[in-house]
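The structure under discussion appears below in the form of structure tokens.
Residue numbers start at 1 and run along the sequence shown. All ligand and atom numbering here is 1-based and tracks the order in the structure.
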Amino acid sequence: MKKKELKIVTIGGGSSYTPELIEGYIKRKDELPIKEIWLVDIEDGREKLEIVGAMAQRMVKAAGLDWKVYLTLDRREALKDADFVSTQFRVGLLDARIKDERIPLSHGILGQETNGAGGMFKAFRTIPVILDIIKDMKELCPNAWLVNFTNPSGMVTEAAIKHGGWDRTVGLCNVPIGAMRTAEQVLEATEKELTFKFAGLNHFHWHRVWDNEGNERTKEVLQKVYDPNSTIEVDEVKNIKKTPFNYEQLLDLGIIPCAYHRYYYISDDMLNHSLEDFSKGETRAEVVKKTEAELFELYKDPKLDYKPEQLTKRGGTHYSDAACELIASIYNDKKTNMVVSTKNNGAIDDLPYDSIVEVTSTITASGPIPLNWGKFEPGARGMVQIMKAMEELTIEAAITGDYNKALHAFTINPLVPSGKIAKELLDEMLIAHKKHLPQFAEKIKEIENR
Ligand code: G6P
């Protein structure tokens, strides 16, 4: 029997993205009988929670809704009898992300939020916390859905499902939403007139497009978006420089890459841009820290009761359309097609059956059902397999604190030069992040006492 009054919890409720989430719920007020929204944070995020929480309460009131919006540092109180739990937390906050980006770059190596050394360290910090949350959920809300937005979203989702045993976990990202909007723009078509199939990993997916006459339009999108002679201007995620791909390589690839593929397909340009930003003290994390401060100043305004335009300066904008649509589609068995991180179950031939992949799926009351993708061509197949191997080693290392496994993940990650530098970088970053890496405590002490 469907519950008529929903309790929705957001862990990381003090995030600057929260107004986006609240707006998404308000937009779906007729599909989701929400009774309570609980915004949860930790002591370090208390001030942010109070500011953005008051903003959320104003937004709900301005929408004329009688939902209760609770703010709490007590995760267990919030989780009790929750129906949906969304997660959007950043362990170590933005200062940890600044280290993830600046330390590799200080060695001339790419430093990025979810890719390379930075992404592996965000996984090391985050995975033990998601498993801890799941332990509470097993006791307090055993039937809830876990909607994960916390990056690196694919690895965190894999850890939750494969290691935490929480099958009702769905990983989300906003990048595919933007990619579908781009295809609609260049093909001058609406969402209903196109069919998309995405496949790969979070921040490492490709996609194909068909129209309602059954014609594949993928090559046309590649040409209109990436041909250097194309004059069409398209938007891309705000956090990635729109450095041009090698168009001829994309023509051979034959499927549409995601924005993050730039770090892999044109590593030199992307590293040079990052090194330039680094030298000016303007890595993405440092820029975001300024944007965050501006946003929280705005949110303090007791008259502001709607999501400000400035939030679209963040890379994760529109993510709430993903989170709220997913919840509405599960609750109402809407069978909406969405791109989510979920169990492969054979959708992608080239990846392990039980691995978590990012694929177009039909969202039902029993969760995502992936559309079949089949096989990748050799180039994409090779890359996605090495990336999944790196992810598996990273997840294992995050859970066990196994240094050898962490070094192995560093060594095979395409964005970390292998060899002595990989070890030096791993050791330096372990020490820099030690406050948030209890699982590596012993090894860190050994490294410090060398
Ligand atoms: C992208 C990704 C998110 C990522 C964000 C970074 O769109 O989908 O996973 O966290 O942008 O944006 P930021 O503004 O924090 O650099």
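Evaluated by nearest non-hydrogen atom to atom 9 (O) of ligand 1, the leading choice among T114, N174, N151, T283 is N151. The residue among A259, S16, G315 with a heavy atom at the shortest distance from atom 12 (O) of ligand 1 is G315.
A ring-ring contact (aromatic ring centres under 6.0 Å, His included) with F204 holds for exactly one of Y264, F376, Y260; it is Y264.
With ligand atoms numbered from 1 in the order given, ligand 1 contributes 13 (P), 14 (O), 15 (O), 16 (O) to contacts under 4.0 Å with heavy atoms of V288. Near R97, the atoms of ligand 1 lying under 4.0 angstrom from a non-hydrogen atom of the residue are 13 (P), 15 (O), 16 (O). Here is the list of ligand 1 atoms found below 4.0 Å of a heavy atom in Y260: 1 (C), 2 (C), 4 (C), 11 (O). Within the listing of ligand 1, atoms 8 (O) sit less than 4.0 angstrom from a heavy atom of C173. Under a 4.0 Å criterion applied to the non-hydrogen atoms of R284, ligand 1 contributes the atoms 13 (P), 14 (O), 16 (O).
With a 4.0 Å cut-off on non-hydrogen atoms, F149 does not touch ligand 1 at all. At a 4.0 Å heavy-atom cut-off, ligand 1 touches R314 through backbone and side chain alike. Residue contacts with ligand 1 for Q88 are absent, since no atom lies close enough (heavy atoms, distance under 4.0 Å).
Residues D402 and H408 bring no donor and acceptor atom of their side chains to less than 3.5 Å of each other.
The closest approach between K238 and ligand 1 stays at or above 4.0 Å for every heavy atom of the residue.
Salt bridge status for K343 with D167: present, with a side-chain N to carboxylate O gap under 4.0 Å. Salt bridge annotation for E191-R181: present, with a cationic side-chain nitrogen under 4.0 angstrom from a carboxylate oxygen.
The aromatic rings of F196 and F198 sit tilted relative to each other, their planes meeting at an angle between 30° and 60°.
Between the E113 side chain and the A285 main chain, no donor and acceptor come within less than 3.5 Å of each other. Remark: the backbone N or O of K335 is not paired with any side-chain donor or acceptor of T362 at under 3.5 angstrom.
Taking only nitrogen or oxygen atoms, main chain and side chain alike, K313 does not reach within less than 3.5 Å of ligand 1.
The cationic group of K197 does not satisfy the cation-pi geometry with W373, failing either the under 6.0 Å distance to the six-membered ring centre or the 45° limit from the ring axis.
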